[in-house]
Amino acid sequence: MQSLKRRSFLAASGVATLSAATFGLVAGVPRRAFAMGSTQARDVDILNVALGLEHEAINAYQLGAQSGLLQKPVLDAAVLFQSHHKGHRDALMATIEKLGGRPVAEKPMAEYAKALNAGAIKSQDDILNLAARLELGASNAYLGVIPAFQDVNLAKVAARLAADETMHWTALSSVLGRQLPSAPLSFGA
Amino acid sequence: MRRSASGRSVVALLLTVSAACATAHAADPEQGKALYESRCAGCHSLDQDRIGPRHRGLIGRKAGAIAGFEYSSALRASRIVWSAQTLDAWLADPERFIPGQRMNYSVPEAADRADVIAFLQANSTKDR
């Protein structure tokens with residue numbers, strides 16, 4: 001099932017149909033210089049920013065799950081959302097590699113904990129508020145870079161990622177008792 | 001690498017246009033804070049390096065100058081110093097302003113850019 005999803009993601013991006021010769025690696029020369037034109041390199045840069053967001057989200061949910069503060073069924077939802085982000089990560093890494101790029105590496109969890117001020121988390125609501133903030137930020141980021149993609153199929157992938165993040169934000173907001181946005185077109189604005 | 005004459009002209013034009021736009025809108029740092037949280041905070045924060053570098057103290061800082069943050073080589077080599085004018089041109093079209101950058105996220109409306117920049121100016125001191 002997971003491989004089917006990944007194949008679908010790659011097919012949507014169009015990279016599954018590129019020839020193997022496109023991705024040739026020549027010893028001693030940066031792979032990117034041979035594998036990509038400037039427009040493809042720009043798409044890879046955008047995908048790597050997306051991958052950075054996914055690394056951060058995975059670690060944020062891990063911090064939450066390990067905190068002992070999340071109660072069922074919220075814990076189950078957090079684990080599910082983290083699995084979505086892991087799916088995004090895997091698909092983004094595969095796409096970046098197919099395009100001849102080098103996926104940005106995940107940092108140690110301590111760095112994410114510091115960047116997200118995890119030391120200030122004292123309750124389940126603190127975790128949910130952090131998660132909601134990250135999900136909303138990711139959704140807006142994905143929507144915001146759609147116009148920058150050179151490959152329209154990758155733009156579609158960004159929109160699908162944004163849809164997942166928006167789903168997460170909506171569920172988290174419901175648990176937190178927040179009202180839904182009163183105005184239309186509130187995401188990406 | 002030296003910037004070409006045409007490249008300098010484009011940058012000069014961008015800065016002129018951005019300055020004109022900035023004067024036409026009374027920038028609101030509170031509105032800028034809301035915009036920052038909705039549009040920038042996915043990747044940035046004021047005090048921590050995340051997907052993008054931290055922003056407190058940005059005004060007057062040389063582009064690519066946060067130690068330990070992995071910038072694009074284009075940004076590091078840009079010799080840009082962040083000001084209201086350079087930030088406006090950057091946010092309007094990052095790739096046009098610094099080709100080869102990695103942000104690729106733009107703020108199309110001049111009034112929105114002015115508000116975000118006002119918020120960054122209000123947080124321009126290096127220490128909290």
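Numbered from 1 within each chain, the chains take letters A, B, ... in sequence-line order.
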For B:Asp49, is there an ion pair with B:Arg54 - N to carboxylate O distance below 4.0 angstrom? yes
Minimum side-chain heavy-atom gap A:Glu165-A:Glu54 below 4.5 Å: yes
Among the options A:Ala148, A:Gly137, A:Ala115, pick out the one with the most heavy-atom pairs lying under 4.5 Å from chain B. A:Ala115
Relative to chain A, which segment of B:Asn104 carries a heavy atom at a distance below 4.5 Å: side chain, backbone, both, or neither? both
Per-residue contact mode, A:Leu136 against chain B (heavy atom under 4.5 angstrom): neither
May I ask you to check whether over 12 heavy atoms, not counting those of A:Gln150, lie within 6.0 Å of atom CD? yes
Salt bridge check: are A:Asp126 and A:Lys122 linked by an N-O gap of less than 4.0 Å? no
Name the region of A:Ile146, side chain, backbone, both or neither, that has any atom closer than 4.5 Å to a heavy atom of chain B. neither
If one checks every heavy atom of A:Lys107 against chain B at 4.5 Å, the contacting part turns out to be side chain
Minimum heavy-atom separation for B:Tyr105 and A:Asn140, please, with both atom names. CE1-O, 3.7 Å
